[in-house]
Amino acid sequence: MRIVLVGPPGAGKGTQAQRLKDYLGVAHLSTGEMLREAHQAGTALGRQAAEYFEAGRLVPDDVVVGIVADRLNEADCADGCVFDGFPRTVAQAETLDAMLAERDMPVDLAIAVEVPESEVFQRLAARGRADDHVETVRERMGHYRRLTQPILEYYHDQGVLRSIDGTGTPDEVFARIRRTVDTARQTAS
Ligand code: ADP
C-alpha cells in the first residue's frame, strides 16, 4: 500500500508515519528527514537544501524529486510506503504519480491530518527544532496554505482522499488513521 500523509507543519505526520510504517510493515519516506540528514552529512545537496529549509521555504521540486526517486529504488519500498512531507506541491504530486505509474503502484490513500492553526503554533513552539522559530513557522504555514493545500483537491479528484482529526493524543490520532486504513484495505480486497 502507498499512503500519503498531508498536513500542516506540526500536524504530527512524522510520529504517525512511523507508527503506520510499523503497523503495515512498509517503508517510511520523509523528505524533511532526508534533507536534514543530507545537511548533517555535509553533502552539496544538503547544503543547498538547508538554505531553503532554514528560512522556512520549500526546497526546489527538482532537488526533492531527485532524493525521492533514489529512495523509491530501495528494496524496502517494493511492498509499500508511507510518504511524509512529500508531495508538498501539485507538481510533486504529479511527478510522484508518474514515478509510481512506471512501477505500476498507484497512491492508494491520501490522509489529511487536520489540526487548527492555533494548535500548530503551540506545538511547534514546544518542539523547538532549528526551523521552528515563530517567523519561520509563519512562513511555512503560508507555503502550506498556498502550495500544499491544493494537493488535497488533487487527491480528492482521484477519489483517494480521507480526512482525519489530528487533535488529541498520538494514540487517539493513530486509532483514527488505523481505522481509515483498515477500511480502505477491506474495500480494496
Ligand atoms: P514539517 O512538516 O514540520 O514542516 P518536515 O520535516 O516535513 O517538517 O520539513 C522540513 C523542511 O524541509 C520544510 O519546511 C521544507 O523546507 C523542506 N521540505 C521537506 N519536504 C519537502 C518537499 N517535499 N518539498 C520541498 N521542501 C521540502
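Counting starts at 1 for both ligands and their atoms, following the listed order. We count residues from 1, following the sequence as given.
For atom 25 (C) of ligand 1, the closest heavy atom belonging to the protein is Val59 O, 3.2 Å. The nearest protein atom to atom 24 (N) of ligand 1, hydrogens excluded, is given as Gln92 NE2, 2.9 Å; this is a heavy-atom distance. Remark: minimum distance from atom 18 (N) of ligand 1 to any protein heavy atom is reached at Leu35 CD1, 3.5 Å. When only non-hydrogen protein atoms are considered, atom 2 (O) of ligand 1 lies nearest to Lys13 NZ, 3.0 Å. Remark: minimum distance from atom 20 (N) of ligand 1 to any protein heavy atom is reached at Thr31 OG1, 2.8 Å. Scanning the protein heavy atoms around atom 6 (O) of ligand 1, the nearest turns out to be Arg36 NH1, 2.8 Å. When hydrogens are left out, the protein atom nearest atom 12 (O) of ligand 1 is Phe53 CB, 3.6 Å; that is the closest non-hydrogen contact. Nearest to atom 16 (O) of ligand 1 among the protein's heavy atoms is Arg57 O, 2.6 Å.
Taking 4.0 Å as the cut-off between side-chain N and carboxylate O, Arg140 and Asp132 count as a salt-bridged pair. Taking a cutoff of 4.0 Å between a charged side-chain nitrogen and a carboxylate oxygen, Arg71 and Asp76 qualify as a salt bridge. Of the charged side-chain nitrogens involved, at least one lies within less than 4.0 Å of a carboxylate oxygen, so that Asp108 and Arg2 count as a salt-bridged pair. With respect to the salt-bridge test (charged N to carboxylate O, under 4.0 angstrom), the residues Arg145 and Glu117 qualify.
For the residue pair Met141 and Pro8, the shortest heavy atom distance occurs at SD-CB, 4.0 Å. Nearest approach of Val173 to Gly166, heavy atoms of both residues: CG2-O, 3.5 Å. Nearest heavy atoms, Thr15 versus Pro170: CG2-CB, 4.4 Å.
Checking only distances, Gly85 does come within under 3.5 Å of ligand 1, N or O to N or O.
Residue Arg140 has at least one heavy-atom neighbour below 4.0 Å for each of these atoms of ligand 1: 1 (P), 3 (O), 4 (O), 14 (O).
Between the choices Glu33, Arg88, His143, Arg127, the shortest heavy-atom distance to atom 4 (O) of ligand 1 belongs to Arg88.
Atoms CG and CG, from Leu24 and Asp79 in turn, are 11.0 Å apart once rounded to the nearest 0.5 Å. If you take CZ on Arg178 and CD on Gln16, they are separated by 11.0 Å, rounding to the nearest 0.5 Å.
For Arg129, every heavy-atom contact with ligand 1 shorter than 4.0 Å involves the side chain, none the backbone.
Using 4.0 Å as the threshold, Gly10 has a heavy atom nearer than that to some atom of ligand 1.
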